[in-house]
Amino acid sequence: MWQSILKFIQKWFHRFGSPRWFYQTTGKWLPYLAVISVGLLVLGSIWGLGFAPQDARQGNSYRIIFIHVPISVLAMIGYYVMAAAGAVALIWKIKIANMVMVSAAPLGAALTFLALLTGSIWGKPTWGTYWVWDARITSMLILFFLYLGVIALNQAFTSRDTAYKACAILSLVGTVNIPIIYKSVDWWYTLHQPATIKLTGASSIHPDMLKPLIVMILGFYCFYALVLMLNTRTEILAREWRSSWVRGLSQ
Amino acid sequence: MISMSFQFDSMADFLAMSGHGVYVWTAYGITVLVLVVLAFRPLLKQRRFLSIQREQNRAQNNDRDSNRIDDGATK
Amino acid sequence: MHPTNNSHTGILQRDLLVAIRQGSDFLNPLLFFVMTTTLVPLAVSPSPSQLAVIAPGMIWITALLATLLALDGIFKDDLADGSLLQIILSPKSLWSLVLAKVIAHWLKTGLPITLMAPLLGMMLSLPGEGYIPLVTGLAVGTACFSLIGAVGAALTVALQRGGVLLSLVVMPLYFPVLIFGASSVQRAVQGLEYLPVLAMLGAFFTFTLLTGPFAAAAALRVGING
């Protein structure tokens, strides 16, 4: 029985590993995913902006939380998505994994940028300043640099195969280092923690605030999947343009 | 049961966000802008790629056709 | 043993011999280190009390930049003269040969910088308690820089203009070293316990020593294709 399961997984793996299969299958999913993610994001935004109760301490400025938190979470998960795809590509030599990895980099960088930006806009009414050298912000900034490194490396090579492998290695090295970087930044922050600025911890979030937040988180997850698929499909076209099925698309 | 009521008295109140409107709306505005760019950039790229491909295909077909005529002429 | 053979000691010997004969391999990073540190009092303030506050951080930042500067050549020169291909094709395990290159790089940049640091500390009026953690921290920290940097240098070895890219790729990975290194000196100056911080730096060094050469070897096999 185990062997048949293994065989099934292997078969699925190889089918999924084919760019053509990926392109055709995701093509069917895209409209649904687009509708679901836009629907959830619009619903969550209206709910969060208009109907969630005001925060006792921060007033209305806290409403940025509904975009800031999901984006920050995805920015971090995105790096692991990228590195996991890179690992799969290196170990099993699956073409499509490379393309997913390369597509996850600019998406992750954009989300990290947004996380920093919304955070700093939120910081102004909350702490009176756009930028604080807080542990979480600093870690986010370093994450942004890590993404930029992968993007820059990807663009530097003329040979696509080399670029893929190089990016996979770099993102794996980055993944191993991320926990260490985060811990060290955390520790650094406790050393220098200024007494005047106190971040609002995740003390207690009102359930009426939590519900729209969950809707937004789900919406952003779908959006992430959607854009990752779109980017990967573009990458497939750019790399597989010689193959007959891609030529067939334009006829 | 979710108690749902609009938290603001008027539309102007909603936009002002009790003084924090600038921050909230810029944050949401820039986010929407970036998300739109993220979603449409690959679509535009794909479209451009396919149109270039189509042109190349046409050029190739023309080449092949003209070659065939040449072949016929030499024979 | 002839210094041109491709054993670990052979690579090490050859690299160091070339560096000694040319001189610039040792001198340039060191000069960069000294000159950049000289900029600090000119840019900030010559007042000893102010300099003493920023001295630990400034010395660590300039040391980081100086090692970064020399990183580009760690494999590139060997690629140019063809010996890198021989190293990769040799039957010896690549990671140990890469380790030899890393040790050579550290002996050429990290060690001179570490030895020069107390002098710069004095010039920046670093208080007396700071010197022991500064030197031990830099010795271990620059070794971490060489180990991590080798991965980036290997990835970008065949690129024409890899220098800036290399710094961009490698620098985020340097943050923990800088944090632990600079704060051990700061803590010593403030009269706090600094040994646990140095121990963390040591732990990080052990970790990079155990993983870095393998990553760099894999990176070299990829990077050589350009």
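A note on names: the letters A, B, ... follow the listed sequences, proteins ahead of strands, and every chain is numbered from 1.
- By the 6.0 Å contact criterion, CD1 on C:Ile132 is open, its count of non-hydrogen atoms from other residues, nucleotides or ligands being 12 or less.
- Summarising the local packing, CZ of A:Phe113 is surrounded by 12 or fewer heavy atoms from other residues, nucleotides or ligands at distances under 6.0 Å.
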Show the atom names and distances, to 0.1 Å, of all donor-acceptor pairs under 3.5 Å that link a side chain in residues 94-101 of chain C to residues at least two apart or in another chain.
from: C:Ser96; atom 1: OG; to: C:His8; atom 2: ND1; distance (Å): 3.2
from: C:Ser96; atom 1: OG; to: C:Ser93; atom 2: O; distance (Å): 2.9
from: C:Ser96; atom 1: OG; to: C:Ser93; atom 2: OG; distance (Å): 3.1
from: C:Lys101; atom 1: NZ; to: C:Asp15; atom 2: OD1; distance (Å): 3.4
from: C:Lys101; atom 1: NZ; to: C:Asp15; atom 2: OD2; distance (Å): 2.9
from: C:Lys101; atom 1: NZ; to: C:Asp78; atom 2: OD2; distance (Å): 2.3

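- C:Pro172 approaches A:Leu146 most closely through the heavy-atom pair CB-CD2, 3.6 Å.
- For C:Val170, no part lies under 4.5 angstrom from a heavy atom of chain A.
- The line from CG of A:Leu153 to CG of C:Leu168 is 9.5 Å long, rounded to the nearest 0.5 Å.
- Neither the backbone nor the side chain of C:Met171 comes within less than 4.5 Å of any heavy atom of chain A.
- The greatest number of non-hydrogen atom pairs below 4.5 Å with chain A, out of C:Leu166, C:Thr208, C:Thr211, C:Val197, is found for C:Val197.
- If you measure heavy-atom distances from C:Arg221 to chain A, you find no contacts under 4.5 Å at all.
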Checklist line | From CA spacing to verdict: side chain to side chain contact (heavy atoms under 4.5 Å, CB included), C:Phe175, A:Val185 | finding: CA-CA 8 Å; C:Phe175 282 73; A:Val185 170; 5.6 Å; no
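- Within residues 170-180 of chain A, the residues having any heavy atom closer than 4.5 Å to a heavy atom of chain C are A:Leu170, A:Val173, A:Gly174, A:Val176, A:Asn177, A:Ile180, listed by residue number.
- Heavy atoms closer than 4.5 Å to chain A are found in the side chain of C:Leu165, but not in its backbone.
- Residue contact with chain C, scored on non-hydrogen atoms closer than 4.5 Å, involves the side chain of A:Ile169 exclusively.
- Within a 6.0 Å radius of NZ in C:Lys108, other residues, nucleotides and ligands contribute more than 12 heavy atoms.
- Atom OG1 of C:Thr156 is separated from atom CZ of A:Phe157 by 7.0 Å, given to the nearest 0.5 angstrom.
- Among C:Gly152, C:Ala154, C:Pro176, C:Ala182, the residue making the largest number of heavy-atom pairs under 4.5 Å with chain A is C:Pro176.
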Note to self: What verdict does the side chain to side chain contact (heavy atoms under 4.5 Å, CB included) test give for C:Ser183 and A:Trp187, after you've listed the backbone C-alpha separation in whole Å, the side-chain angles of each residue and the deciding distance to 0.1 Å?
What the structure shows: CA-CA 10 Å; C:Ser183 38; A:Trp187 176 82; 3.2 Å; yes
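- C:Lys76 NZ: more than 12 foreign heavy atoms inside a 6.0 Å radius.
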